[in-house]
Trainee: 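Below you'll find the structure I mean.
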Amino acid sequence: LKEENALLRSKIIKLQILSETQADKMRKLEKKLEENKIKEEKEAQDLEAMVQHVEQNLQLMTKRAAKAENCAAKLRQENAQLQAELRNSRLEKAGLAAARQNAEVALQHLLQVTSSSRASIRQLLSGAESLQLIADLLKSIDRISEVSEDGQ
């Protein structure tokens, strides 16, 4: 019985040692589990913070993209207006060039008419002088006729 008792005590000691070893392992595993939980929570918080940061950046980029699109639309509209103004300016320039050409042609005609008028005026003056000369001659002939009639 003593042997059996010693054997049982030996088994109990072994079981107690085994139990303590397992309890140590359990405590270590529980501690490791707790550390892993804390680590996972921290990683989850870090990941959540990163997701929030990415979402904020995405919202900022979306706002910037919307502003850029609005700016691009305004620039396209302004470009269209400027091109329309350029076309109008070109048309006006062409109109001015045509008006300038018409004025040049009118000036040439006016110069020709002026030159022709001067020549006509010279001819008229010459004709008037001739007529004056003829009139003077006719007066002279009348005087001669009167003198001849008086002297007869």
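It should be emphasised that the depicted structure is a prediction, and the values quoted were computed from it without experimental measurement. Side chains are part of it too, since the values below use all heavy atoms of this structure and drop only hydrogens, waters and symmetry mates.
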Trainee: Does CD belonging to Glu3 count more than 12 external heavy atoms closer than 6.0 Å?
Mentor: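 No, CD of Glu3 has 12 or fewer neighbouring heavy atoms, counting only those of other groups under 6.0 Å.
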
Trainee: How long is the gap from CG on Leu82 to CZ on Arg87, to the nearest 0.5 Å?
Mentor: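 If we round to the nearest 0.5 Å, Leu82:CG and Arg87:CZ are 11.0 Å apart.
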
Trainee: Is it the case that the side chain of Thr21 and the backbone of Ile17 share a donor-acceptor pair, with hydrogens and angles ignored and the cut-off at 3.5 Å?
Mentor: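 Checking the backbone N and O of Ile17 against the side chain of Thr21, a donor-acceptor pair under 3.5 Å is found.
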
Trainee: What distance separates Gln123 CD from Ser117 OG, expressed to the nearest 0.5 Å?
Mentor: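 Between atom CD of Gln123 and atom OG of Ser117 there are 11.0 Å.
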
Trainee: Where is the tightest heavy-atom contact between Arg27 and Glu20, given as atom of each residue plus distance?
Mentor: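 Here Arg27 and Glu20 meet closest at NH2-O, 4.4 Å.
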
Trainee: So, taking the atom named CD in Gln77 and the one named CG in Leu75, what distance separates them when rounded to the nearest 0.5 Å?
Mentor: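 Reported value, rounded in 0.5 Å steps: 10.0 Å.
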
Trainee: Show, in sequence, the C-alpha distance, side-chain angles and deciding distance for Met26 and Gln22, and conclude whether the side chain to side chain contact (heavy atoms under 4.5 Å, CB included) test is met.
Mentor: CA-CA 6 Å; Met26 271 300 268; Gln22 287 180 345; 5.6 Å; no

Trainee: Show your reasoning for whether side-chain hydrogen bond (donor to acceptor under 3.5 Å, both in side chains) applies to Glu55 and Gln59.
Mentor: CA-CA 6 Å; Glu55 286 176 349; Gln59 287 175 352; over 6 Å; no

Trainee: Is there a side-chain hydrogen bond (donor to acceptor under 3.5 Å, both in side chains) between Glu92 and Asn88 once you walk through the steps?
Mentor: CA-CA 6 Å; Glu92 286 177 14; Asn88 289 340; over 6 Å; no

Trainee: Between Lys28 and Asp24, is there a salt bridge with N-O shorter than 4.0 Å?
Mentor: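 Judged by the 4.0 Å cut-off on N to carboxylate O distance, Asp24 and Lys28 do not form a salt bridge.
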
Trainee: How long is the span from the CG atom in Leu47 to the CD atom in Gln52, to the nearest 0.5 Å?
Mentor: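 Reported value, rounded in 0.5 Å steps: 10.5 Å.
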
Trainee: Would you check if there is a donor-acceptor pair between the side chains of Asn36 and Glu40 at a distance under 3.5 Å?
Mentor: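 There is no such pair (donor and acceptor under 3.5 Å, judged by atom type) between the side chains of Glu40 and Asn36.
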
Trainee: About how many Å separate CZ of Arg90 and CD of Gln83, when rounded to the nearest 0.5 Å?
Mentor: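 One gets 9.0 Å once the value is rounded to the nearest 0.5 Å.
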
Trainee: Can you confirm whether Glu4 is buried at CD, in the sense that more than 12 heavy atoms of other residues, nucleotides or ligands lie under 6.0 Å from that atom?
Mentor: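 Result for CD/Glu4: open.
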
Trainee: Calculate, to the nearest 0.5 Å, the distance between atoms NZ and CG belonging to Lys93 and Leu86 respectively.
Mentor: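 Atom-to-atom, Lys93:NZ and Leu86:CG are 10.0 Å apart.
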
Trainee: Would you tell me whether Glu85 and Gln81 have side-chain atoms, one donor and one acceptor, within less than 3.5 Å of each other?
Mentor: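 Checked: Glu85/Gln81 side chains show no N/O donor-acceptor pair below 3.5 Å.
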
